[in-house]
Student: 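Quick one: the structure is below, questions incoming.
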Amino acid sequence: MAAMAVNVGRKMPHVLTVAGSDSGAGAGIQADIKSCGALGAYCSSVITAVTAQNTVGVQGVHPVPEEFVAEQLRSVLSDMSVDVVKTGMLPSLGVIKVLCHSLKEFPVRALVVDPVLVSTSGDMLAGPSTLSGYRDELFAMADIVTPNLKEASAILGGVSLRTVADMRSAAKSIHDLGPRNVLVKGGDLKGSSDATDIFFDGENYHVLRGSRINTRNTHGTGCTLASCIAAGLAKGLPMLQAVQSAKAFVESALDYSKDIIVGNGPQGPFDHLFKLDTHAHNAGTRSFEANDLFLYAVTDPGMNRKWGRSIVDAVKAAIEGGATLIQLREKETETREFIEAANACVEICHSNGVPLLINDRVDVALACDADGVHVGQSDMPVQTVRKILGPGKIIGVSCKTPDQVEQAWADGADYIGCGGVFPTTTKANNRTVGLDGLKAVCLASKLPVVAIGGIGTANAGSVVEVNIPNLKGVAVVSALFDRECIATEARKLKSILMESSSHAKISV
Ligand SMILES: Nc1ncnc2c1ncn2[C@@H]1O[C@H](COP(=O)(O)OP(=O)(O)OP(=O)(O)O)[C@@H](O)[C@H]1O
Ligand SMILES: Cc1ncc(CO)c(N)n1
Ligand SMILES: [Mg+2]
């Protein structure tokens, strides 16, 4: 006889969201799944409508037939031990009826109703009959209802809500419609310097104050808040605590994401997964800008020995003279000494806002938390470096040909070092590509390019005059580090680059 499937193990807190899909993924089902995931709850999803939506607005709405919403509800509720149901966009009275029917057949521990009526862009997300469905059917079953100001006003027949006192009386009136708790959200309260919501449990009012984050990235705050409340309840929090922690989550997510750029419209999404390790890692790392390549200084142990300088002193002087990026290229230095110097250089570079890269040695870059690594064609493959360093670090690759450039881009590099442009004594047996080779590489590259090899004050101008937009700078070794005063040479070189680039397209 076949054994019955028996579930032994851990039960995940489980939220079912019954909502619409947002193709832009900042709100709707997508926000709900990300929010629950971020808080450690499992989130299943019954889709009530598919919207064509972005950061500009809602371009189209395609409701899912009511019978098929019913079928999805049955599939999930009959099998998956849902703790809490959270609702978002319910496009018709029919869908509300189907949901109420399913909840009676398969009761859950709590019901969170976000009465989505209009998107922030002003587009209708619910039909005219929906409002009566909420009032007459769903609210009585709800543990909490979370209208924003416009929704609260619509639910109450169009009363105007302009102050926190108005929000209190709205919360009371909506409570009279049957839900156990009401949260009137003040995200849209005009002229408010904080973000105040009113929570009413039928007896007490709680004024929930938050800091207002100054950002355009607020698309989906309402969906996120309601999902976080649902996740909190699924994990066993009492209602007020679930609401308070949900509000704190939204505030942190908005703050973390206040400058992210996704889409060109007036209301961008935010990053629900900001607490992931990968994100924490990125947050501390300065993002790479192509202009960092402008005056790129590469250290050389032989030259430092010759002039009696430490790596750290050489780096300080290069930065003082205006170097925009430092690469430590220490082929012969002992690992212990290399790491000590690299740690000191990271500090100096970061306090001056200059990125520090390590040549070839991924282990040293990790050990000192440098900004990235520069590798040659016979060093560790770029894909492997990327895997080890993660998405936030800078990876540069030396390339001589368009094929190598294409490969570097496909493997996830951030910039190309092209050379030797001119003959050099710094690198033995290195084929010179010339200005023509440099040009071919720049034309083939989707990534920014820095020219390297035999470049100094005498010929830097001719490099700039190659005049291809993604040629972003020159990398130098001897021209700085094999000179008596590094800072003076760096200044001279920088002014030549600036002067030539004011005629060409290369720019700071
Ligand atoms: N700029 C902001 N800074 C901090 N908190 C905010 C901000 N905007 C909204 N909030 C908070 O986010 C939560 C959601 O409120 P909001 O009024 O934005 O909902 P909503 O209009 O339903 O959102 P949407 O429909 O865009 O998903 C509330 O707790 C609110 O106080
Ligand atoms: C699908 C969907 N649900 C809810 C909202 C409210 O933010 C939206 N914009 N889109
Ligand atoms: Mg909303």
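Start at 1 and go down the list; that is how both ligands and their atoms are numbered. For this chain, numbers begin at 1 and follow the sequence in order. Keep in mind it's a predicted model, so treat the numbers as computed, not measured.
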Student: Below 4.0 Å from any atom of ligand 2, is there a heavy atom belonging to Cys223?
Tutor: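 Contact present.
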
Student: Going from OG on Ser132 to CG on Leu138, what distance comes out if it is rounded to the nearest 0.5 angstrom?
Tutor: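 Ser132 OG to Leu138 CG: 11.5 Å, rounded to 0.5 Å.
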
Student: Of all the atoms in ligand 2, which lie at a distance below 4.0 Å from a heavy atom belonging to Leu125?
Tutor: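 Reading through ligand 2 atom by atom, the close ones are 5 (C), 8 (C), 9 (N), 10 (N).
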
Student: Is the number of heavy atoms from other residues, nucleotides or ligands under 6.0 Å of Lys235 NZ greater than 12?
Tutor: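 Yes, because the 6.0 Å sphere around NZ of Lys235 holds more than 12 heavy atoms from other groups.
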
Student: Please determine which of Val84, Thr17, Leu183 meets the side-chain contact (heavy atoms from CB on, under 4.5 Å) test together with Val112.
Tutor: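 Testing Val112 for a side-chain contact (heavy atoms from CB on, under 4.5 Å) against Val84, Thr17, Leu183 leaves exactly one candidate, Val84.
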
Student: Centres of the His272 and Phe274 rings: under 6.0 Å?
Tutor: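 No; Phe274 has its ring centre 6.0 Å or more from that of His272.
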
Student: Below the 3.5 angstrom mark, is there an N/O of Thr196, backbone or side chain, next to an N/O of ligand 1?
Tutor: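 No; the residue has no nitrogen or oxygen that sits under 3.5 Å from a nitrogen or oxygen of the ligand.
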
Student: For Asn148 and ligand 1, does the shortest N/O to N/O distance drop below 3.5 Å?
Tutor: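 Yes, Asn148 has an N/O under 3.5 Å of an N/O on ligand 1.
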
Student: Can you see which heavy atom on Ile358 is nearest to which on Ala370, and at what distance?
Tutor: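 Where Ile358 meets Ala370 most closely, the heavy atoms are CG1-CB, 3.8 Å.
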
Student: Which is it for Val58 and ligand 2 at heavy atoms under 4.0 Å: side chain, backbone, both or neither?
Tutor: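 Looking at Val58 and ligand 2, no heavy atom falls under 4.0 Å.
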
Student: Does Thr221 approach ligand 1 within less than 4.0 angstrom via side chain, backbone, both or neither, non-hydrogen atoms only?
Tutor: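 The part of Thr221 near ligand 1 is both the backbone and the side chain.
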
Student: Taking everything shown except Asn264 itself, do over 12 heavy atoms lie less than 6.0 Å from its CG?
Tutor: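 Atom CG in Asn264 is not packed in, count stays at 12 or less.
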
Student: If you count every heavy atom of other residues, nucleotides or ligands that lies below 6.0 Å from Arg109 atom CZ, does the total exceed 12?
Tutor: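 Yes, because the 6.0 Å sphere around CZ of Arg109 holds more than 12 heavy atoms from other groups.
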
Student: Which value, rounded to the nearest 0.5 Å, describes the distance between Trp409 atom CH2 and Leu447 atom CG?
Tutor: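 Output value for this atom pair is 8.5 Å.
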
Student: Show the atoms of ligand 1 that are less than 4.0 angstrom away from any heavy atom in Cys223.
Tutor: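 Taking each heavy atom of Cys223 in turn, ligand 1 has 27 (O) under 4.0 Å.
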
Student: Should the proximity of Ala27 to ligand 1, defined as any heavy atom under 4.0 Å, be assigned to the side chain, the backbone, both, or neither?
Tutor: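 Under 4.0 Å from ligand 1, Ala27 contributes no heavy atoms.
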
Student: Relative to the heavy atoms of Asp188, which atoms of ligand 1 are at a distance of less than 4.0 Å?
Tutor: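 Close to Asp188: 17 (O), 21 (O).
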
Student: For ligand 1, is there an N or O atom under 3.5 Å from any N or O atom of Leu225?
Tutor: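 Between Leu225 and ligand 1, no N or O pair is found under 3.5 Å apart.
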
Student: For ligand 1, which atoms have a heavy atom of Ala195 less than 4.0 angstrom away?
Tutor: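 Counting from 1, the qualifying ligand atoms are 4 (C), 5 (N), 6 (C), 31 (O).
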
Student: Which of the numbered atoms in ligand 1 are under 4.0 angstrom from any heavy atom belonging to Val250?
Tutor: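 Contacts of ligand 1 toward Val250, numbered from 1: 12 (O).
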
Student: Counting only nitrogen or oxygen atoms and a 3.5 angstrom limit, does Gln53 reach ligand 2?
Tutor: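 So ligand 2 has an N or O lying under 3.5 Å from an N or O of Gln53.
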
Student: How about Val61 and Thr51: do any of their side-chain heavy atoms sit closer than 4.5 Å?
Tutor: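 Counting from C-beta outward, Val61 and Thr51 do come under 4.5 Å.
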
Student: Compare Lys150, Lys185, Arg209 and give the one whose heavy atom is closest to atom 19 (O) of ligand 1.
Tutor: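 Answer by nearest heavy atom: Lys185.
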
Student: Under 4.0 Å from a heavy atom of Arg212: which atoms of ligand 1 are those, numbered in the order shown and with their elements?
Tutor: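 Near Arg212, meaning under 4.0 Å from one of its heavy atoms, ligand 1 has 1 (N), 3 (N), 4 (C).
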
Student: Looking only at distances, please establish whether an N/O atom of ligand 1 is found under 3.5 Å from an N/O atom of Asp197.
Tutor: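 Yes, there is a polar N/O contact under 3.5 Å.
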
Student: Quick check on contacts: which atoms of ligand 2 are under 4.0 angstrom from a heavy atom of Ser21?
Tutor: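 So the answer, numbered in order with elements, is 1 (C).
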
Student: With a 6.0 Å cut-off (strictly less than), is the heavy-atom count around CG of Asn214, excluding the residue itself, greater than 12?
Tutor: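 No - once you tally the heavy atoms of other residues, nucleotides and ligands closer than 6.0 Å, there are 12 at most.
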
Student: I'd like to check which ligand 2 atoms, numbered from 1 as shown, lie under 4.0 Å from a non-hydrogen atom of Gly20.
Tutor: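 Reading through ligand 2 atom by atom, the close ones are 1 (C).
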
Student: Please state which option from Pro269, Gly210, Gly222 has its nearest heavy atom closest to atom 27 (O) of ligand 1.
Tutor: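 Shortest heavy-atom distance from atom 27 (O) of ligand 1: Gly222.
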
Student: What atoms of ligand 1 come within less than 4.0 Å of a heavy atom belonging to Ser211?
Tutor: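 In order of numbering, the contacting atoms are 3 (N), 4 (C).
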
Student: Are more than 12 heavy atoms from other residues, nucleotides or ligands located less than 6.0 Å from atom CZ of Arg212?
Tutor: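 Correct, the count exceeds 12.
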
Student: So is Gly26 in contact with ligand 2, going by heavy-atom distances below 4.0 Å?
Tutor: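 Outside the 4.0 Å threshold, so no.
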
Student: Tell me every residue that passes ring pair (Phe, Tyr, Trp, His ring centres under 6.0 Å) with Tyr415, counting only those two or more places apart in sequence or in another chain.
Tutor: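 Tyr415 satisfies ring pair (Phe, Tyr, Trp, His ring centres under 6.0 Å) with Phe288, Tyr296, His374 only.
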
Student: Does the pair Lys387/Asp411 count as a salt bridge with the N-to-O cut at 4.0 Å?
Tutor: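 Asp411 and Lys387: not salt-bridged.
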
Student: Hey, does Glu251 sit under 4.0 Å from ligand 1 if you only count heavy atoms?
Tutor: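 It does not, in that no heavy atom of Glu251 comes within the 4.0 Å cut-off of ligand 1.
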
Student: I'd like to check which ligand 1 atoms, numbered from 1 as shown, lie under 4.0 Å from a non-hydrogen atom of Leu254.
Tutor: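 With Leu254 as reference, the close atoms of ligand 1 come out as 2 (C), 3 (N), 4 (C), 5 (N), 6 (C), 7 (C).
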
Student: His219 and Thr55: side chain to side chain donor-acceptor pair (under 3.5 Å), yes or no, with the steps?
Tutor: CA-CA 8 Å; His219 180 71; Thr55 60; over 6 Å; no

Student: With heavy atoms of His219 as the reference, note each atom of ligand 2 found under 4.0 Å away.
Tutor: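 What qualifies from ligand 2 is 9 (N).
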
